[in-house]
Amino acid sequence: AILGSDARQYLGLAANLARYGVFSEVPPPILEPHALRTPGYPAFIALFVPIWGVRPLGPLAVAQGIVGALNAVGVAVLGCRLFDRRVGALAGFACALAPISVVMTGYAYTETLFAAGLVGGVLLLLTGLDRGQWWLSGLGGLAFGAAALIRPIGLPLVPLLLAIPLARLPLHRAWRHALALLAGFMLLAGAWMARSYAHFGRFSLSIVGDLNLYYYNAASLEAHRLGIPLDEARAQLDEQLASWPAGDSLWPAARQGSLARATILAHPVAFAWYNGLDALNSFRPGFSFLLGLFDPSAARRDVVAVFMSGDIPAALAALRSQAALILALEGYLLLFVAALVVLSLVGLVVLLIRKKWMEVILLALIPALLLYLPGIASNARFRAPVEPFLAILAALGLDAILSLLRRRDKAL
């Protein structure tokens with residue numbers, strides 16, 4: 001198992017949750033209700049603390065490996081349900097062999113568990129829609145609510161999730177499922193948002209959204225727009241923040257969030273464009289995460305990261321420093337990402353030609369939103385939760401290409 005900066009916070013929160021039953025940075029009797037993180041992933045880690053102690057990294061990695069395998073099975077089932085057995089099998093294998101998803105099971109990060117919440121929620125929702133059982137759609141809403149408690153980025157998915165039953169069923173049948181989905185989602189996510197309101201006066205999941213919007217999205221917008229380095233843009237925002245009205249909000253990141261939204265709303269078109277450019281970082285192969293599994297200090301030898309810095313000699317030196325096995329694995333990472341992107345685009349074209357709008361929402365719009373939102377904070381690990389859906393889309397694209405080749409061979 002590999003630790004990152006976020007992982008240490010998750011472990012600390014999990015320890016207090018397991019030992020004292022409170023979601024706090026410090027143990028009782030001093031109680032500091034935590035507002036930065038949501039409780040989903042710390043609660044998962046806390047399951048292992050009573051037996052393996054406050055750093056249960058080995059059992060955690062094993063458990064996440066099992067969850068990742070179940071995700072692949074769920075993707076195969078989902079592909080069969082949406083299309084056919086051939087697409088389902090291709091999608092399941094693609095998900096099982098998706099290198100960044102596999103690598104992230106070894107990190108004490110949220111990606112694997114978040115993906116499980118999304119895949120499980122979609123399976124429950126589609127089963128409920130196909131069988132006409134609204135209560136299954138409600139269970140799907142619970143799974144999506146759990147996913148939002150694992151990663152707050154799941155909250156903006158609600159409109160797209162509600163559009164799925166509306167795109168699959170007539171309105172007179174779809175509304176019950178949409179209502180059950182929303183009720184299930186709010187039962188979990190809404191309860192935590194109510195807890196935030198009770199402590200901090202803001203009906204929200206966590207302050208991480210406000211901080212990221214300020215430190216990453218708004219700062220990147222200003223850096224692009226003004227043609228200045230990112231650090232300089234952040235310094236300028238900090239100067240504005242110093243004179244920004246404090247107000248009477250108890251929300252720890254109220255001023256940062258307010259200034260970030262004001263900055264973005266002042267330049268919406270520029271933000272939409274530049275944030276999209278930044279989000280393309282999510283399609284980087286993920287060499288740093290792979291290297292971190294072998295040697296946490298080796299991530300600095302990420303050839304892509306060094307090359308993007310403009311230091312060509314250093315990039316060549318980093319390339320020569322890699323062992324043959326590492327180079328082979330990096331080549332696999334690169335080829336897989338390229339194939340995933342190209343075949344996903346082919347699959348999207350197929351869906352659009354067939355006018356499969358529900359599948360477009362599920363397999364294209366939801367991944368696109370999850371990849372777009374982080375902006376400049378994007379990196380390869382943000383791709384892991386959407387690789388299950390892109391695997392189905394790519395499998396559809398590959399199946400369409402193979403079908404065309406078979407028809408051409410028969411015609412010849």
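In this structure, the side chains of Arg383 and Val337 come closer than 4.5 Å at one or more pairs of heavy atoms. Residues His177 and Gln133 are not in side-chain contact: their nearest non-hydrogen atoms beyond the backbone lie 4.5 Å or more apart. With a 4.5 Å cut-off on side-chain heavy atoms, Ile100 and Phe336 do not count as touching. Looking only at side-chain heavy atoms (C-beta outward), Val103 and Ile2 stay at 4.5 Å or farther from each other. With a 4.5 Å cut-off on side-chain heavy atoms, Leu97 and Val102 do not count as touching. When side chains are defined from C-beta on, Ile366 does not count as touching Val386, because their heavy atoms never get closer than 4.5 Å. The side-chain heavy atoms of Val75 and Glu387, taken from C-beta on, include no pair separated by under 4.5 Å. Annotation: side chain of Leu327 is not in contact with side chain of Tyr332 (no heavy-atom distance under 4.5 Å).
In this structure Arg81 satisfies the salt bridge (charged side-chain N to carboxylate O under 4.0 Å, His left out) test with no other residue, sequence neighbours excluded. In this structure Trp192 satisfies the ring-ring contact (aromatic ring centres under 6.0 Å, His included) test together with Phe23, sequence neighbours excluded. Shown here are the side chain to side chain donor-acceptor pair (under 3.5 Å) partners of Arg284, two or more places apart in sequence or in another chain: there are none. Take Ser344 and apply the side-chain contact (heavy atoms from CB on, under 4.5 Å) test, not counting sequence neighbours, and it matches Leu340, Leu390, Leu393, Ala394. Every residue meeting the side chain to side chain donor-acceptor pair (under 3.5 Å) condition with Arg234, not counting sequence neighbours, appears here in chain and number order: Tyr215. For Trp273, the side-chain contact (heavy atoms from CB on, under 4.5 Å) criterion is met by Leu277, not counting sequence neighbours. Shown here are the side-chain contact (heavy atoms from CB on, under 4.5 Å) partners of Leu188, two or more places apart in sequence or in another chain: Leu142, Ala146, Leu149. Residues passing the side chain to side chain donor-acceptor pair (under 3.5 Å) test with Arg168, sequence neighbours excluded: Asp130. Among residues two or more places apart in sequence or in another chain, the side-chain contact (heavy atoms from CB on, under 4.5 Å) test is passed with Leu179 by Trp175.
Around the CZ atom of Phe203, the shell of radius 6.0 Å holds more than 12 heavy atoms that belong to other residues, nucleotides or ligands. Surrounding CZ of Phe93 are at most 12 heavy atoms belonging to other residues, nucleotides or ligands under 6.0 Å away.
Here the CH2 atom belonging to Trp357 is positioned 7.0 Å from the NZ atom belonging to Lys355, to the nearest 0.5 angstrom.
Side chains of Trp251 and Ser204: a donor-acceptor N/O pair is absent below 3.5 angstrom, by distance only. There is a side-chain donor-acceptor pair under 3.5 Å between Asp278 and Ser220. For the residue pair Asn212 / Asn217, no side-chain donor-acceptor distance below 3.5 Å is found, with atom types taken as modelled.
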Derivation of the salt bridge (charged side-chain N to carboxylate O under 4.0 Å, His left out) call for Arg255 and Asp210: CA-CA 9 Å; Arg255 294 170 65 242; Asp210 290 312; over 6 Å; no
CA sep, side-chain torsions, deciding dist, call: Asp6, Arg37, side-chain contact (heavy atoms from CB on, under 4.5 Å): CA-CA 9 Å; Asp6 293 352; Arg37 303 293 176 190; 3.0 Å; yes
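Between Phe48 and Phe44, the ring-plane angle classifies as perpendicular under the 30° and 60° cut-offs.
At least one test fails for Arg225 against the ring of Tyr274: distance under 6.0 Å to the centre or angle within 45° of the axis.
For residues 101-126, the salt bridge (Lys or Arg N to Asp or Glu O under 4.0 Å) pairs, not counting sequence neighbours, are Glu111-Arg151, Glu111-Arg381. Residue pairs meeting the side-chain hydrogen bond (donor to acceptor under 3.5 Å, both in side chains) criterion with at least one partner in residues 54-74, sequence neighbours excluded, are Tyr41-Gln64. Sorted by first and then second residue, the pairs that involve residues 396-412 and meet side-chain hydrogen bond (donor to acceptor under 3.5 Å, both in side chains), not counting sequence neighbours, are Arg86-Asp399, Ser403-Arg406.
Shown are Val350, Leu396, Val346; of these, the side chain to side chain contact (heavy atoms under 4.5 Å, CB included) with Ile401 is made only by Val346.
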